[in-house]
Asker: 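Encoded as structure tokens, here's the structure I'll be asking about.
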Amino acid sequence: MRICSLVPGATEVVVSLGLGEALVGISHECDYPETVRHVPVMVQAAIDSDDVDSAAIDRQVKSLMSSGQPLYRLDEWAFHAARPDIILAQDICHVCAITPQPLERVVHSLSPRPQLVTLAPHSLTEVLDDVERIGAALGVASRGIALAQSLRSRIAAVRKASAGRSRPRVICLEWLDPLYVGGHWVPEMVEIAGGHDALGHAGQPSRGVTMEEVLAATGDIIIAMPCGFSVSRTVSEVTTVCRRNDPCSHLLRSAQTYAVDAASYFSRPGPRLVDGVELLADIFTGAVSGDRSSDSVVNLTGTLCLTGQSL
């Protein structure tokens, strides 16, 4: 079987199911595990997001969308060279990854025509159900069931450990300029880990909020998780926003504040969302110490960054 996965989380599932060698195409965002990085890239972003801040990214996205231009470019030649039997795509966010509609023409031009499996999870439960769907579609249903069950067992362990504890009010910032709070599976992750999401709605898309709404929510803990950002990039972004936005600086000084690796553990619907649940549980229980800094989380509480100065 020849597999083309255009969804980073699905690519992780393919590898976890032992089918990494069958990958013949990926998207530009499929960077985990490292063994997939040699696979031909079929999709590239139309915007430059590597060296600009979140406000500039937002402007680029809105400009392309308002003019009817695509956010992603397909390499049709690469698709024909790869000759995939199955393509894994997503239809949950038109900004985060390519959706089925732009793929239709190239899919119909391939012979034999590949199977297109579209993933659109809105909750952590649906993400794990999709693990089983992918396993079945790839002909390894029993492996998919086993992988999903192992992930559900880890979730159940976190839920059991958090039962009966007082729940902090948590604000998950999925974008910093403009402000968005996380939706879909993020509020569910917060609840499982022992918190109460003060602004996000489980199963609903992330949404734009005003600074007044965020301040009124009086969060005990703020998690900065800009979609697709690493920890280091998130820390840099928080610093940039605080320098030019006094209300944001005040907000982040008013609560315990953490920067997390959103790209790995929160943005992408895949197996590592369970790692994200476990990371949140560590934050809520204080297992993330005041001086902890790693590639998964940085505790920003009380740091110079939150006074608008450089770290």
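Quick caveat, the model's predicted, so the values are computed rather than measured.
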Asker: Quick one: pull up CG in Asp75 and NE2 in His28 and give me the separation to the nearest 0.5 Å.
Answerer: 13.5 Å

Asker: Quick check: closest heavy atoms across Val158 and Ala193, and the distance to 0.1 Å?
Answerer: CG1-CA, 3.9 Å

Asker: Tell me if a side-chain donor or acceptor on Ser63 pairs with a main-chain N or O of Arg59 at a distance below 3.5 Å.
Answerer: no

Asker: Give a yes or no on whether a salt bridge exists between Asp129 and Arg152, defined as a side-chain N under 4.0 angstrom from a carboxylate O.
Answerer: yes

Asker: Which pair of non-hydrogen atoms, one from Leu147 and one from Ser16, has the smallest distance, and what is that distance?
Answerer: CD2-CB, 3.7 Å

Asker: Mind listing the closest non-hydrogen atom pair of Cys227 and Trp175 along with its distance?
Answerer: O-CZ3, 3.6 Å

Asker: Between Arg37 (side chain only) and Asp31 (backbone N and O only), is there a donor and an acceptor less than 3.5 Å apart?
Answerer: yes

Asker: Per the side chain to side chain contact (heavy atoms under 4.5 Å, CB included) rule, which among Arg113, Gln115, Met1 passes with Asp85?
Answerer: Met1

Asker: Considering only heavy atoms from C-beta outward, does the side chain of Val181 approach that of Leu173 to under 4.5 Å?
Answerer: yes

Asker: To the nearest 0.5 Å, what is the distance between OG1 on Thr257 and CD1 on Ile222?
Answerer: 4.5 Å

Asker: Roughly how far, to the nearest 0.5 Å, is the CZ atom of Phe266 from the CG atom of Leu273?
Answerer: 8.5 Å

Asker: Check whether any side-chain heavy atom of Arg154 sits under 4.5 Å from a side-chain heavy atom of Val277, and report yes or no.
Answerer: no

Asker: Are Leu199 and Val170 packed together at the side-chain level, in the sense that at least one heavy-atom pair is separated by less than 4.5 angstrom?
Answerer: no

Asker: Could you tell me whether the side chain of Asp197 and the main chain of Val190 form a donor-acceptor pair under 3.5 Å?
Answerer: no

Asker: So, do Leu74 and Phe79 sit near enough that their side-chain heavy atoms are less than 4.5 Å apart?
Answerer: yes

Asker: Spell out, as yes or no, whether a donor-acceptor pair under 3.5 Å connects the side chain of Asp53 to the backbone of Ala56.
Answerer: yes

Asker: Measuring only between side-chain heavy atoms, which start at C-beta, is Ile26 closer than 4.5 Å to Leu6?
Answerer: no

Asker: Is there a chain of hydrophobic side chains (I, L, V, M, F, W, Y, each step under 4.5 Å between heavy atoms) that links Val140 to Val14?
Answerer: yes

Asker: Using the rule that Ile, Leu, Val, Met, Phe, Trp and Tyr join whenever any side-chain heavy atoms are under 4.5 Å apart, tell me whether Val36 and Leu88 fall into a single cluster.
Answerer: yes

Asker: Show the nearest heavy-atom pair for residues Ser5 and Thr11, with the distance to one decimal.
Answerer: OG-OG1, 2.7 Å

Asker: Applying the 4.5 Å side-chain criterion to the ILVMFWY set and letting contacts propagate, would Val13 and Ile145 be lumped into a single cluster?
Answerer: no

Asker: Checking Gln256 against Thr301: is there a side-chain donor and acceptor pair closer than 3.5 Å?
Answerer: no

Asker: Main chain of Ile192, side chain of Ser162: is a donor-acceptor contact present, judged purely on distance under 3.5 Å?
Answerer: yes

Asker: Is it the case that atom OH in Tyr180 sees more than 12 heavy atoms from other parts of the structure closer than 6.0 Å?
Answerer: no

Asker: Taking Glu126 for its side chain and His122 for its backbone only, find out whether a donor-acceptor pair lies under 3.5 Å.
Answerer: yes

Asker: Would you say Glu174's side chain and Met225's backbone share a donor-acceptor pair under 3.5 angstrom?
Answerer: no

Asker: Any chain of hydrophobic side-chain contacts (each under 4.5 Å) joining Val24 to Val117?
Answerer: no

Asker: Just jot down the side-chain contact (heavy atoms from CB on, under 4.5 Å) partners of Thr218, sequence neighbours excluded, or say none.
Answerer: Arg169

Asker: Same cluster or not: Val43 versus Leu110, using hydrophobic residues (I, L, V, M, F, W, Y) connected whenever any side-chain heavy atoms lie under 4.5 Å apart?
Answerer: no

Asker: Measure from the side-chain N and O atoms of Ser27 to the backbone N and O of Glu29, and report whether any donor-acceptor pair falls under 3.5 Å.
Answerer: yes

Asker: I need the Arg2 CZ to Arg83 CZ distance, nearest 0.5 Å.
Answerer: 4.5 Å

Asker: Using side-chain heavy atoms (C-beta onward) and a distance below 4.5 Å, is Val260 in contact with Leu280?
Answerer: no

Asker: Test Cys4 against Ile86 for side-chain contact (heavy atoms from CB on, under 4.5 Å), laying out the working first.
Answerer: CA-CA 6 Å; Cys4 179; Ile86 189 165; over 6 Å; no

Asker: What are the two closest non-hydrogen atoms of Leu116 and Ala89, and how far apart are they?
Answerer: CD1-CB, 4.0 Å

Asker: Please test Asp261 against Thr234 for side-chain contact (heavy atoms from CB on, under 4.5 Å), starting from the C-alpha separation and ending with a verdict.
Answerer: CA-CA 8 Å; Asp261 182 351; Thr234 297; over 6 Å; no

Asker: Using side-chain contact (heavy atoms from CB on, under 4.5 Å), reason through Ile171 and Val214 one step at a time and then give a plain yes or no.
Answerer: CA-CA 8 Å; Ile171 297 172; Val214 177; 3.9 Å; yes

Asker: Measure the shortest side-chain to side-chain distance between Ile155 and Glu278 over non-hydrogen atoms and say whether it is less than 4.5 angstrom.
Answerer: no

Asker: Which residues pass the side-chain contact (heavy atoms from CB on, under 4.5 Å) test with Arg272, sequence neighbours left out?
Answerer: Glu12, Tyr32, Ser264, Tyr265, Arg268, Asp275

Asker: Is there a donor-acceptor pair under 3.5 Å between the side chain of Ser267 and the backbone N or O of Gly228?
Answerer: yes

Asker: Rounded to the nearest 0.5 Å, how far apart are CD of Glu237 and CG of Leu176?
Answerer: 5.5 Å

Asker: Between Glu132 and Arg143, is there a salt bridge with N-O shorter than 4.0 Å?
Answerer: no

Asker: Side-chain contact test, heavy atoms from C-beta onward, threshold under 4.5 Å: evaluate it for Arg159 versus Glu191 and give yes or no.
Answerer: yes

Asker: Measure the spacing between CG of Asp220 and CZ of Arg167 and express it to the nearest 0.5 Å.
Answerer: 13.0 Å

Asker: Would Tyr258 and Val298 count as a side-chain contact (heavy atoms from CB on, under 4.5 Å) if you check the C-alpha gap in whole Å, the side-chain angles of each, and the deciding distance to 0.1 Å?
Answerer: CA-CA 6 Å; Tyr258 298 84; Val298 173; over 6 Å; no

Asker: Can any side-chain N or O of Glu188 pair as donor or acceptor with the backbone N or O of Ser123 at less than 3.5 Å?
Answerer: no

